[in-house]
Amino acid sequence: MIKQLAYYPGCSSLGTSREYDMSTRAVCELLGLDLKEIPDWSCCGSSPAHSFDHSLSAALSARNLALVETMGLDMVATPCPSCLSNLKTSSHRMQRETFRDKVNLLLDKPYMGSVKSMSVLQALIEQVGTDTIAAMVAQPLTGLKLAPFYGCIMNRPSEIMEFDDPENPTSMDRILTALGAEVVPFPLKVECCGASYGVPFKDIVAKLSGKLLSCALDAGAEAVVVACPMCQMNLDLRQKQLAKPAGVNFEIPVVYFTQLMGFAMGLPESRLGFDKLCVSPALLLSRTLAAAS
Amino acid sequence: MRIGVFVCHCGSNIEGTVDTAAVARAALGFPEVALATDAMYTCSEPGQDAIVQAIREKGLSGIVVASCSPRMHENTFRRAVERAGLNRYMFEMANIREHVSWIGKDREANTNKATELVRMAVEKLRRNTPLFSNKFDVTKRVLVIGGGVAGIQAALDCAEGGKEVVLVERESSIGGKMAKLDKTFPTVDCSSCILGPKMVDVAQHPNIKLLACTELKSVGGYVGNFQVELRKKATYVDWTKCTGCGQCMEKCPSKKSEDRFNERIGVTTAINIPFPQAIPKKAVIDPASCRHFLKGKCGVCAKVCPTGAIDYEMKEEVLTEQVGAIIAATGYDVFDISKIGEYGAGRYPDVITSLQYERLLSASGPTGGHIKRPSDGAEPKTIVFVQCVGSRDKSLGRPYCSGFCCMYTAKQAILTRDHIPDSQVFVFYMDIRAPGKLYDEFTRRAMEEYGARYIRGRVAMVYPQGSKYIVRGADTLLGTNVEIEADLVVLAAGAEAAAGAPALAEKLRISYDPYGFFVESHPKLRPVETNTAGVYLAGSCQGPKDIPSSVAQGSAAAAKVLALFSKDKLESDPQISRVDIKRCVGCGKCILTCPYGAIKKIDFRGEPKAEVVATVCQGCGICTSTCPQGAAQLAHFTDDQILAEVNALCRF
Amino acid sequence: MTSINYSNRFDANFVRMVEEASEQRLSQCYQCGKCTAGCPCTFAYDYPVNQIMRLVQSGQKDTVLNCKAIWLCATCESCTARCPNNIDVARVIDVLRHMARREDRVAISEVKKFWDSFLKSVQTNGRLFETGVLAGYIAKTGRIFTDLDLGPRIAPKGKLSFRPHKVKGQAEIARIFERFNKGVIS
Amino acid sequence: MSVLTGKELRIVGFLCNWCSYGGADTAGVGRFVQPTDLRIIRVPCSGRIDPLFIVKALLNGADGVLVSGCHPRDCHYSQGNFYARRRLEVLKHFLPVLGIDPARFEYTWVSASEAQRWQKVVSSFTERIHKLGPASRLENTALPDGLEKRFAAIASGELPSDGKAATRLEELKDRIHEFLPDLDIVIGWQRGFDALHNTPLFMRSAEDLEKLVWGPLNIHNTATYLPSLRGKKVGVVVKGCDSRSVVELLQEKLVDRENIVVFGMPCSGIVDLSKIDRALRERGTGIGRVQAAECGEKGVTIKAGGQEYRFAMEEVAADKCFHCEYPNAVLADHLIGNASPSSSNGKISRQLAAFDAMSLQERMAYWRSQMDRCIRCHACRNACPLCVCKDHCIAQSRDPHWISQEDTITEKLMFQVVHAVHTAGRCTECGECERACPMDIPILAMKRQMNRAIRELFEYKAGTDPEAVPPLLAFQAEEKNIHEGVL
């Protein structure tokens, strides 16, 4: 049965996280999740907006939620936790009438409050389920040791995000296990990587992200699996920047969980964008193929 | 009727926001009021004397006192009017303190409201009638529920007072939490050395009937005459034959039973005596791990038992006891630390509770008194204690202070340094709460003499790194966050109401607070009584308590029981229902709805009628609001009396 | 360190404004420090989070609005998620940023410039134009070496687009900003 | 004096001694500031609170009534609040029938330790009452023009039918004849003082049997006489609706099954004499001048003042007969044939719909205008099969003092409310009260509304199952359809 969800790709899907967007669409198509991209979606404003003003931030999110209502859908999925956090926080606050009225004054078309937002990860867990995912695996990731990294805002605060455990989330672990990989215990699953401070304060990101990569290596991981464009950028793209202060040459691939899903389900690499990663996972992946054959 | 109205100032408590003189003046205008006056402290000796004198001199036949809540002083004043020769029910109270002067500062509105409440009381009083108690017999036996230190103390005191005691304990041995402790603060004496002899006294006392592995099933009856049903669980060992020799434990091939006595650190045999000093010292089979029950074959224990006590066919039994009073001493549970995800308990084996740590310290514990990490058995060198875990935490629904964690953490810090002199001990705390005799001195010793390093701040997270655990906390006095590489993390888990406490409260018909602790009759003046006559509280079931307080409450509850049993007859509360036989049509609606079965059908000149059994009726009045004929009327809360109150409020 | 005279240096109005805007009751904070303990950025702050909460509680408006820490907070929500008193600490920090910005006392201008550049991009394009934001930020701050080393790593991956993706409803988004700036809702 | 004008409204609280009164005390001890309007009456248990206390307060000047008891499962008396919850919820549904805004009454649960919660309850309830403002008083309401007409909508719809009505009587007589020797008395109907007014017949011998009649003029509910004949062996001829009263009396142990023999007759509807009277008056004559009447399959033919008038059954049938679900006896020892039930259209009657369409203000005004006619003859009560208080009825005994001797509309209405509340969950809507009313006051409407609430809340219909326990004499720890706790 095909389930329809509105899809909000988020701005980074057009740039730094193209491969996340590509692989998400490919995997969902395969699993029968019909993602309908919100026509003419716009930016949620991310941190700069909520740090500027809460009504403005809510208005930028609510415009997109109102578009979902126009589509006649009541659920929207987004791959990006930062977008998700904004969408969810805005709807949560807009449950209060006074705030909703205020925000709607900024909009051309008011948002009525009927849309439930969720991450692509949540949609895959709740609308598809790990049993179906396991059944679709064509080439299991046997022997791959993976550290799932959820990032800080995917599940926090739990009153708003309402998905998985805020301190020890396991949804991605369960998916990776279903793909046949070995999930290493990774205690810093929900630590902050430094987020958007990569631009103004490289040293902060270096310290935080460096710690995460060290921890992943200590745990015996061969790759870090992420669900957030910002985390991916900090851990992969900046890996060279992090190496110097940490005194380690990490060289550890940082891949999106959707990419691994697509790979395990036998989707062509052209739809998964592994080539867009800085630290290539090619060697690792070829090892699983060899093990399988 | 000649009514006297006394309006109390309660010092400035009432007079501060109510013009009591004006209230008294207004009261003079109410029907049948012959005297109205204000007084400084009506409940004081001169205040009560003034009432007595007024009744005698002015020939008053009813009294209204406008002062505090009737839940506070109704009995005080009832006794006063009785001293003056009136029936104690010819008295009403208007609550102008808790319901008026203390909840608002508008003097005009308060004065007006107080006047109305007095009018209501006068109108009610005008319809009061003298009521008289009946006398009934008392069963002078007491049921003590829970064999922790509070229950043990209560049982021993009652038994010493010459009364028969039935002591029921859910586990297979009495001793409770205290039996699990290694040492006790602030004296650091050995817990089992001071508790052990008391447990033996319980076993040997001729007046105590000890029922272990037993729970309360139901309670019927009323003060002086409770009928109690007890459920004795199947132990699969005939305790009349078991000598506690322990040969069965030595030979038992299944060692997978969860070791509840050792707080689930490790496992134990399927047939088990929890600890060497257990009372009663009898074996119990855990069918969840016994091979006989799981696979249908084994029978090793039956073969080795020298007395042939093993009985795999044993069934649960229900016992009945008659008692006159009940003491609930069911204790507390330790907060489930795995609920705090950021501390990783449950995922990380070396993050444990203080009570588990206590078992590691105890010579009778799983490690023989050597501190070893649960994960690898290594001796930890850096130990971090975290206080207020599951206490003072609104986000977990536990906003209260558990009271004793500061003290036992200091004790454990001291014991740790005693056991492992080259260890480092860190304690994260928010505030040190040590307001007992020698308590604060004790925590200071932990810091000053034993070098425990106290850090003021909470811990945000614990995570493993190599074989160590990184404890990331704050030092708010330094204004920074700190990290400690620890070998073992001990969480001072707070106390919470015992699982099943609300269900027990419902059986006993007593109240419990939002956290599940039982509610006492008055927080200061009736700390061990409940609102159900004949049911008393002892120990932590009423709220977290340390050993001295639990013992004191056990004795206090016993004193209450002994005082109750000092009378041969009890007086019944006359505020019960009566059925007017003329009005009764015998439809039995009251019989159907009475929660106590206190109304029976009788034959009156060939017609069915209802009749209230005076000793069983508890005075709820459900029958009164059920009977369309108005035949059943609850004395002191009759339809007419309540209607008079409604009219007093609405029609003026 | 300066000593504080609480009799005349307690800005009750400021406390009330923060409470109203954040919908949090600051008196609920009992200074356990769990926020500070879990904050990943404490090492970079001039005041740890618990002290920021204390400063707000104590009505020390100038100190708190002039501090750097509020601009270094990454809104990772660990303080909010773990507060034993259920205080949304991250939201309080957000509100302090709003107030500091309105009073023009941003202690770390780089952050503000980066964010302004981001919002400007959203306002003009409807969506974020990553390359444009970076360029705008460099132009404003003069920090030309910012992430220059990254260029060669992403450029060949086709991740840097050099033209913004305009949204059809771009005017609609611009109107949101317009109404906001006109103070339609103030 | 009393409430401070302009500052306070009159709010009465009923609090149980053990939980909520204690909670209010705890709030006082903790100095939790509250509005001053509330006056608290202390009762031992919320189960002691008769819903009529609340009506009494609201009809006599209270602007709001608040009830608070122990939380469910935490009752000092185990079950009191469970009974209270059902009774108070029914009252909440019933108050708008009287034109009283149900928001003026609330019930909730506060324990002795919940000081803060008590503060919140008092504050929000007081605020709610202040928002509603002073309650309108029954005696001050005025009826808008045309309202009565709007309400007097004529019932219509399908009637039950019995094709063999003509031969039933002989069959019935045979059957009674057979069993009469074992019975002290058999209740049926006979011709009354004129051709239209049939009256009850008490048969003791075979001769009496000759007076027995059958047809749409057998209006009286024969079950009404059963409680007063308790102890005797009684046979009773019943229509479907009468049989529900028999069942209800059995349910309530007001009659003994072993002493009753029920002869069930299939009914094809009865006439409403008020309708005939109205119709005759419209034609310039009156019911007092009736000379002859005959009921056939096509309707009623009446000879009055020398003229003959024909009415179709649909014109003159009692409202309750349209869409009748029970034309046959629900319980009978001897069933004399079967009528085909009319199809229940599942809709509420037009009368109730018209009532629903009225505003609260209009409803209060409506009752004022209706009750104004009441002459306190209490024929309604005398006719009610469930009214068994006899000489002790509070209407005359005034003990308990629910009603005073004052001849005011409020007191008259109060009596009807007492009746409705006392029969809540018991009334089978036989309609005898309204039929007996010489002033044509539509008091059955009040009971039908009450029954509607009972049906919605408990999915229960009175007098259909002799084994069932009426809903207000029972409870569930978790009530499916009650969602209390808005405060």
Would A:H54 and C:E23 count as a side chain to side chain contact (heavy atoms under 4.5 Å, CB included) if you check the C-alpha gap in whole Å, the side-chain angles of each, and the deciding distance to 0.1 Å?
CA-CA 12 Å; A:H54 287 154; C:E23 299 180 296; over 6 Å; no
Is it the side chain or the backbone of A:S158 that comes within 4.5 Å of chain C heavy atoms, both, or neither?
neither
Please classify the contact of C:C39 with chain A as side chain, backbone, both or neither, using a heavy-atom distance under 4.5 Å.
neither
From A:N86 atom CG to C:T75 atom OG1, the distance as rounded to the nearest 0.5 Å:
9.5 Å
Can you tell which of A:L107, A:D108, A:V103 makes a side chain to side chain contact (heavy atoms under 4.5 Å, CB included) with C:I176?
A:L107
Per-residue contact mode, C:A74 against chain A (heavy atom under 4.5 angstrom):
both
Is it the case that over 12 heavy atoms from other parts of the model lie below 6.0 angstrom from the NZ atom of A:K109?
yes
Does the C:R127 side chain pair with the main chain of A:W41, one donor and one acceptor, at a distance under 3.5 Å?
yes
Engaged part of C:V122 at the chain A interface, taking heavy atoms whose separation is under 4.5 Å:
side chain
Can you say whether A:L277 sits under 4.5 Å from chain C via the side chain, the backbone, both, or neither, judging by heavy atoms?
backbone
Shortest non-hydrogen pair, C:C41 vs A:L208, comes out as SG-CD1, 4.2 Å
Atom CG of C:N5 with >12 non-hydrogen neighbours under 6.0 angstrom:
yes
For A:R156 against C:S78, the heavy-atom pair lying closest together:
NH2-CB, 3.3 Å
Pick from A:I204, A:N155, A:L237 with the largest number of heavy-atom pairs that fall under 4.5 Å of chain C:
A:L237
Residue pair C:R97 / A:H50, side-chain heavy-atom distance below 4.5 Å:
yes
Under 4.5 Å, counting heavy-atom pairs only, tell me which of A:S46, A:G10, A:P157, A:A49 racks up the most with chain C.
A:P157
Cut-off 4.5 Å, heavy atoms of chain C, and the answer for A:S12 is both
Please report the interatomic distance CG(C:N125) to OG(A:S42), rounded to the nearest 0.5 Å.
11.5 Å
Region of A:N64 in contact with chain C, defined by heavy-atom distances below 4.5 Å:
neither
Option that, when pairs with chain A are counted at under 4.5 Å, heavy atom only, ranks first among C:E77, C:H98, C:K168
C:H98
Should the pair A:E167-C:R82 be classified as a salt bridge under the 4.0 Å nitrogen-to-oxygen rule?
yes
Rounding to 0.5 Å, atoms CD (A:E159) and CG (C:N86) come to a distance of 6.5 Å
Does the ring centre of A:F52 sit less than 6.0 Å away from the ring centre of C:F118?
no
Taking atom CZ of C:R25 as the centre, report whether more than 12 heavy atoms of other residues, nucleotides or ligands fall under 6.0 Å from it.
no
Considering only heavy atoms and a distance below 4.5 Å, find which of C:I173, C:D94, C:L128 pairs most often with chain A.
C:D94
A:E97, CD atom: more than 12 neighbouring heavy atoms under 6.0 Å
no
Under a 4.5 Å cutoff for heavy-atom pairs, which residue among A:K207, A:E191, A:K240 has the most contacts with chain C?
A:K207
Segment of C:L96 engaging chain A (4.5 angstrom heavy-atom cut-off):
neither
To the nearest 0.5 Å, what is the distance between CG on C:N181 and CG on A:D53?
10.0 Å
Tell me, out of C:K113, C:Q170, C:R175, C:R91, who's got the most heavy-atom pairs with chain A below 4.5 Å.
C:R91
For the pair C:F129 and A:L14, evaluate side chain to side chain contact (heavy atoms under 4.5 Å, CB included) and give the outcome as yes or no after the intermediate values.
CA-CA 9 Å; C:F129 171 39; A:L14 304 169; over 6 Å; no
Donor-acceptor check, side chain of A:D40 to backbone of C:G169, threshold 3.5 angstrom: yes or no?
yes
Non-hydrogen atoms of C:C76 and A:C192 that approach each other most closely:
CB-CB, 3.6 Å
